[in-house]
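Counting starts at 1 for both ligands and their atoms, following the listed order. None of these values were measured; they are calculated from a predicted model.
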Amino acid sequence: MTLYTAAHWGIYEVGTGTPPELSPWREDPDPNQIGVHALAPSLQAIRVARPAVRRSWLERGPGSAPELRGREPFVEVDWNVALDLVAADLARVKAAHGNKAIFGGSYGWSSAGRFHHAQSQVHRFLNMIGGYVRHNDSYSLGAGRVILPHVLMSMEESWNQTTSFDVMAQHTEVFVAFGGVPAKNAQISAGGAMLHRVKHGLAAMAKAGTRFINISPVADNLDTGGPVEWIPIRPNTDTALMLALAHVLLVENLLDRDFLARCCHGYDRFEPYLADKTPAWASAITGIPAARIVMLAREMAASRTMMNVAWALQRASHGEQPFWMVVTLASMLGQIGQPGGGFAVGYGPTNRIGSSHTRLPGPSLPQGNNRVRAFIPVARIADMLLNPGAPFQYNGGHHIYPDIKMIYWAGGNPFHHHQDLTRLMHAWTKPETIIVHEQYWTATAKLADIVLPATIGLERNDLGYASAEGHIVASRKIVEPLGEARDDYTIFADLAQRLGVADAFTEGRDEMAWLRHLYAGTQRRGDMMGITLPDFDAFWEQGVVSLAQHDAPIVMLQAYRNDPDAHKLNTPSGKIEIFSDRIAGFNLPDCPGHPAWMVPTEWLGAPAAAQFPLHLLSDQPARKLHSQLDASPYSAAGKVAGREPIYLNPEDAFARGIANGDVVEVFNHRGRSLAGAVVSPDIMQGVARLATGAWFDHDWQTGIEKHGNPNALTQDVGASSLSQGCTAQSCLVEVRRADGAIAAVTAHDLPRFAQRK
Ligand SMILES: Nc1nc2c(c(=O)[nH]1)N[C@H]1C(S)=C(S)[C@@H](COP(=O)(O)OP(=O)(O)OC[C@H]3O[C@@H](n4cnc5c(=O)[nH]c(N)nc54)[C@H](O)[C@@H]3O)O[C@H]1N2
Ligand SMILES: Nc1nc2c(c(=O)[nH]1)N[C@H]1C(S)=C(S)[C@@H](COP(=O)(O)OP(=O)(O)OC[C@H]3O[C@@H](n4cnc5c(=O)[nH]c(N)nc54)[C@H](O)[C@@H]3O)O[C@H]1N2
Ligand SMILES: [Mo]
């Protein structure tokens with residue numbers, strides 16, 4: 001009998017060795033190596049093995065010497081001591097300041113299993129003890145999640161409706177990708193990518209004759225196995241290009257006025273804005289020849305055209321605009337709802353998008369009710385910590401930043417994911433207590449007061465499932481926990497016991513009882529959809545249950561197109577909103593009532609480009625999921641001189657005397673970071689690319705980040721006052737060769753430990 005384990009990056013089969021070897025699921029048509037080394041010594045060596053408390057906090061209490069976080073030793077303590085300290089401090093903060101002083105937003109990917117999902121566990125636990133300050137939206141989709149429901153539908157609904165690859169292979173003549181369709185990103189799905197589909201999906205389209213055009217600062221993010229036309233574009237300027245395409249459609253009368261009248265709201269109020277958005281105007285902004293823009297608009301109107309936008313486009317200053325504008329441009333083309341035409345947001349970012357598998361809602365741990373009303377847009381964490389009581393705007397509302405005394409984090413790595421980490425380090429000194437559950441000694445764990453060791457997925461039983469992945473997986477415990485690591489669930493259950501809410505938190509269930517319970521819920525939802533799942537014991541034995549018999553091809557908004565009155569959208573007008581009276585009514589200087597070209601804070605057209613002439617893109621790493629498994633042999637093999645590779649155009653490299661393999665210093669007025677140079681013609685001149693995921697490695701003497709984490713450089717400013725989304729992709733830098741003594745990477749060293757005095 002084969003045992004399986006599910007990770008965000010795929011299903012793996014478990015061998016019989018000690019420790020058991022992992023190999024990708026044999027049925028996966030495009031498996032990857034991300035997870036095969038999950039038990040490698042290089043990873044196990046940096047596990048958190050025992051509860052640990054920062055020395056000053058332990059000896060002198062909460063709030064002691066917060067500036068020493070990250071640079072003084074930890075003292076390892078017994079579980080009972082650690083749990084007593086955590087419970088007592090939760091009670092103290094609650095009594096003295098109320099639950100509104102606890103930030104439990106705890107953003108992060110956690111692990112794939114749906115029961116042991118750390119973010120769900122911490123939210124459930126904090127709700128049981130009175131609530132916590134939460135976060136809205138995600139780093140993935142800050143601007144996108146806010147704009148899309150106003151003008152079209154929720155982000156989830158858009159994924160559920162995304163036209164499937166099988167339909168595109170049959171019908172799409174031209175595929176225009178803004179930001180490619182990176183197969184490296186589609187290696188993952190939250191909860192478990194199962195059958196990896198993007199590589200073969202694109203190849204099937206190419207074979208069927210689809211023509212591919214990739215509008216992107218980089219060329220290597222759309223691989224169809226066949227020819228792809230690359231149109232390099234300056235980062236953050238796609239909206240200008242789309243406006244000029246719309247201008248051509250207008251002046252050449254290539255737009256579908258019938259679709260605009262039947263299915264859209266407010267086109268007439270937008271149209272005058274297009275008058276001066278000529279190809280020549282856009283050419284000066286985007287760097288794309290005006291003639292190519294004119295031709296492209298004509299090709300798109302003459303063919304069955306699918307447009308795709310990478311999520312990266314909205315992780316930027318005014319990130320709302322490219323998403324709103326692609327919906328608008330697709331509406332003008334009038335192909336929305338036709339097989340193979342329209343738009344997607346977007347193919348590539350996860351494996352599930354473009355799938356024809358069932359959308360059966362899967363198992364998820366109920367989180368209870370949060371009695372605290374205060375929240376932040378997720379990427380405003382440093383603003384919150386630095387400005388308690390200050391006002392902020394979000395989605396048309398006015399709010400106040402809470403005064404946070406305690407941070408509780410489980411399942412995320414803010415010292416990987418947040419922008420301008422030097423600023424976050426400063427903000428991080430404000431709370432009195434920072435508690436982190438971690439599997440590994442990440443930068444976030446090292447910067448905490450109390451670190452509790454969490455198990456990894458292979459050390460516990462769970463359910464692997466992601467909607468539209470077509471399978472449910474019995475994810476088996478295959479090794480004993482390392483050291484004294486415990487499941488997040490067990491840790492919270494013990495804390496709940498100490499705080500008098502054990503019954504509410506556990507509902508009397510242990511791990512397997514919860515798995516049965518959550519599975520039964522999924523079974524019931526399946527029954528309502530005509531999907532019959534085997535009983536739990538049969539499922540648990542079988543390991544992987546396929547739902548593929550319920551596959552169905554999908555055409556986005558087909559029903560809506562055919563009868564917009566019968567299938568009203570959930571927007572104020574019930575239609576696609578090209579003009580939004582609601583957004584116009586918010587009266588925001590940085591987000592008007594229709595899509596518009598808004599000048600980004602940092603881009604190649606900004607005055608600051610004179611000093612920092614390279615636009616830094618920080619995309620998603622190919623060999624890991626963000627910072628997870630950064631120390632694995634597979635991830636390490638992708639590093640250059642032990643650091644994250646930075647891609648530079650040959651002209652830019654030559655001008656700076658930089659060669660392949662050099663260690664370079666990437667810098668701007670916010671920070672400095674050391675990365676390994678890769679010189680490549682696949683990146684346009686004036687752009688550099690440094691993926692996320694290298695563990696943040698701050699040198700306390702020099703302030704240099706030594707490992708190539710781009711968030712030493714990125715800006716911590718909201719996309720706009722509408723969404724306050726993360727703007728990691730709006731960042732200017734300069735690069736120089738690092739000469740002389742180059743600091744060694746210490747990211748994967750353990751912290752220092754000491755005995756209690
Ligand atoms: N510059 C730049 N920055 C970015 C981005 C970008 O494009 N550019 N992208 C952003 C995006 S889209 C995202 S989603 C974020 C991702 O940011 P994160 O989701 O924070 O990144 P991960 O590395 O996945 O962090 C998950 C952490 O949870 C821990 N963990 C895993 N499983 C468990 C568990 O069961 N229990 C506990 N207690 N811990 C666990 C892992 O060890 C890891 O440290 O980064 C954002 N940051
Ligand atoms: N292997 C792996 N896969 C992942 C992740 C991971 O960490 N590792 N992270 C996952 C997560 S959390 C998320 S949210 C998704 C993110 O998915 P995305 O945000 O779509 O991914 P990125 O790789 O950041 O960017 C996609 C492409 O857009 C290009 N791009 C950037 N800026 C611009 C621009 O202004 N204009 C144009 N036209 N192109 C631009 C980039 O060069 C890149 O090739 O990926 C997911 N997939
Ligand atoms: Mo993300």
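Distances below 4.0 Å separate heavy atoms of Phe178 from the following atoms of ligand 2: 38 (N). If you number the atoms of ligand 2 from 1 as listed, the ones under 4.0 Å from a heavy atom of Ser140 come out as 14 (S). For ligand 2, the atoms lying closer than 4.0 Å to a non-hydrogen atom of Trp109 are 12 (S). Every atom of ligand 2 with a heavy atom of Pro235 under 4.0 Å away is listed here by number and element: 35 (O). The ligand atoms of ligand 2 that sit less than 4.0 angstrom from a heavy atom of Ala310 are 20 (O), 26 (C), 28 (O). Of all atoms in ligand 2, numbered sequentially from 1 with element shown, those under 4.0 Å from a heavy atom of Ile215 are 38 (N). Atoms of ligand 1 found under 4.0 Å from any heavy atom of Gln419 (numbered from 1 in listed order, with element): 2 (C), 3 (N), 4 (C), 47 (N). Distances below 4.0 Å separate heavy atoms of Gln187 from the following atoms of ligand 2: 1 (N). Within the listing of ligand 1, atoms 44 (O) sit less than 4.0 angstrom from a heavy atom of Thr442.
Using bins of under 30°, 30° to 60° and over 60° for the plane-to-plane angle, the ring pair His135/Tyr107 lands in the perpendicular bin. Using bins of under 30°, 30° to 60° and over 60° for the plane-to-plane angle, the ring pair His417/Trp409 lands in the tilted bin. Taking the six-membered ring where the residue is Trp, Tyr139 and His418 present perpendicular rings, their angle passing 60° and hence far from 30°. Taking the six-membered ring for Trp and thresholds of 30 and 60 degrees, Trp428 and Phe415 have ring planes more than 60 degrees apart, a perpendicular arrangement. The aromatic rings of His626 and Trp109 sit tilted, their planes meeting at an angle between 30° and 60°. Using cut-offs of 30° and 60° for the angle between ring planes, the Trp159 and Trp311 rings count as parallel.
Neither the backbone nor the side chain of Tyr139 comes within 4.0 Å of ligand 2, counting heavy atoms alone. Within the 4.0 Å heavy-atom criterion, both parts of Lys184, backbone and side chain, lie near ligand 2. Looking at Ala316 against ligand 2, nothing comes within 4.0 Å, counting heavy atoms. If you look at Leu625 next to ligand 2, the close heavy atoms, those under 4.0 Å, come from the backbone and the side chain alike. Heavy atoms from both the backbone and the side chain of Asn236 come within less than 4.0 Å of ligand 2. Heavy atoms of Lys624 found under 4.0 angstrom from ligand 2 belong exclusively to the backbone. Contact annotation for Ile233 and ligand 2: only side-chain heavy atoms (C-beta onward) come within less than 4.0 Å of the ligand.
A salt bridge between Asp697 and Lys446 is absent, with no side-chain N of the basic residue lying under 4.0 Å from a carboxylate O of the acidic one. Using a 4.0 Å cut-off between a side-chain N of Lys or Arg and a carboxylate O of Asp or Glu, Asp716 and Arg423 qualify as a salt bridge. Using a 4.0 Å cut-off between charged side-chain N and carboxylate O, Asp220 and Arg689 make a salt bridge. In summary, Arg670 and Glu705 do not engage in a salt bridge, as defined by a charged side-chain N under 4.0 Å from a carboxylate O. Look at Glu156 and Arg145 and you find a salt bridge, because one of the NZ, NE, NH1 or NH2 atoms lies within 4.0 Å of a carboxylate O, short of that distance.
Nearest-residue assignment for atom 42 (O) of ligand 2 (options Leu222, Thr239, Val218; heavy-atom criterion): Val218. In this comparison of Leu241, Asn32, Thr237, Asn185, the heavy atom closest to atom 22 (P) of ligand 2 sits on Asn185. Comparing Gln439, Glu438, His417 by heavy-atom distance to atom 15 (C) of ligand 1, the nearest is His417. Considering only non-hydrogen atoms, atom 1 (N) of ligand 1 lies nearest to Asn711 out of Asp630, Asn711, Leu617. Distances from atom 11 (C) of ligand 2 to the heavy atoms of Met684, Arg315, His416, His626 put His626 nearest.
For His117, the closest heavy-atom approach to ligand 1 does not fall below 4.0 Å. Heavy atoms of Gln729 come nearer than 4.0 angstrom to ligand 1 in at least one pair. Heavy-atom distances between Ser110 and ligand 1 reach below 4.0 Å in at least one pair. A heavy-atom separation below 4.0 Å is not found between Glu459 and ligand 1. Contact between Gly348 and ligand 2 is absent, with no heavy atom of the residue lying under 4.0 Å from the ligand. Taking a 4.0 Å cut-off on heavy atoms, Tyr107 registers as neighbouring ligand 1. Residue contact annotation: Gly180 has no non-hydrogen atom under 4.0 Å from ligand 2.
Arg124 and Gln121 share no donor-acceptor pair across their side chains, judged by distance under 3.5 Å alone. Counted by atom type alone, Asn461 and Glu511 present one or more donor-acceptor pairs between their side chains at under 3.5 Å. The closest side-chain donor-acceptor pair between Ser216 and Asn221 falls under 3.5 angstrom. Between the side chains of Asn351 and His196, no donor-acceptor pair of N or O atoms lies under 3.5 Å.
To the nearest 0.5 Å, atoms CZ (Arg380) and CG (Asn136) are separated by 13.0 Å.
Among protein heavy atoms, atom 46 (C) of ligand 2 sits closest to Pro349 O, 2.9 Å. Nearest to atom 2 (C) of ligand 2 among the protein's heavy atoms is Pro621 O, 3.1 Å. Looking at atom 30 (N) of ligand 2, its nearest protein heavy atom turns out to be Ala312 CB, 4.1 Å. Protein heavy atom at the shortest distance from atom 34 (C) of ligand 2 is Asp238 OD1, 3.5 Å. Among protein heavy atoms, the minimum distance from atom 10 (C) of ligand 2 is reached at Ile188 CD1, 3.8 Å. The protein non-hydrogen atom at the shortest distance from atom 37 (C) of ligand 1 is Asp488 OD2, 3.6 Å. Counting only heavy atoms of the protein, atom 32 (N) of ligand 1 lies nearest to Ser111 OG, 2.6 Å. Closest to atom 29 (C) of ligand 2 among all protein heavy atoms lies Gly179 CA, 4.0 Å. In this structure, atom 5 (C) of ligand 1 lies nearest to the protein heavy atom Thr692 CG2, 3.7 Å. Among protein heavy atoms, the minimum distance from atom 43 (C) of ligand 2 is reached at Asn221 ND2, 3.7 Å. At the top of the distance list for atom 24 (O) of ligand 2, counting protein heavy atoms only, stands Gln620 NE2, 3.0 Å.
Of the candidates His116, Gln439, His437, Asp488 forms a side-chain hydrogen bond (donor to acceptor under 3.5 Å, both in side chains) with just one, namely His437.
Other residues, nucleotides and ligands contribute only 12 or fewer heavy atoms inside 6.0 Å of the NZ atom of Lys199. For Asp223, the CG atom counts as loosely surrounded, since its 6.0 Å shell holds 12 or fewer non-hydrogen atoms of other residues, nucleotides or ligands.
In this structure, Arg672 is not positioned above the aromatic face of Phe667 in the sense of NZ or CZ being under 6.0 Å from the six-membered ring centre and within 45° of the axis.
Between Ser618 and ligand 2, a contact under 3.5 Å exists for no N or O pair.
For Tyr647 (side chain) and Ile683 (main-chain N/O), no donor-acceptor pair under 3.5 Å exists by modelled atom type.
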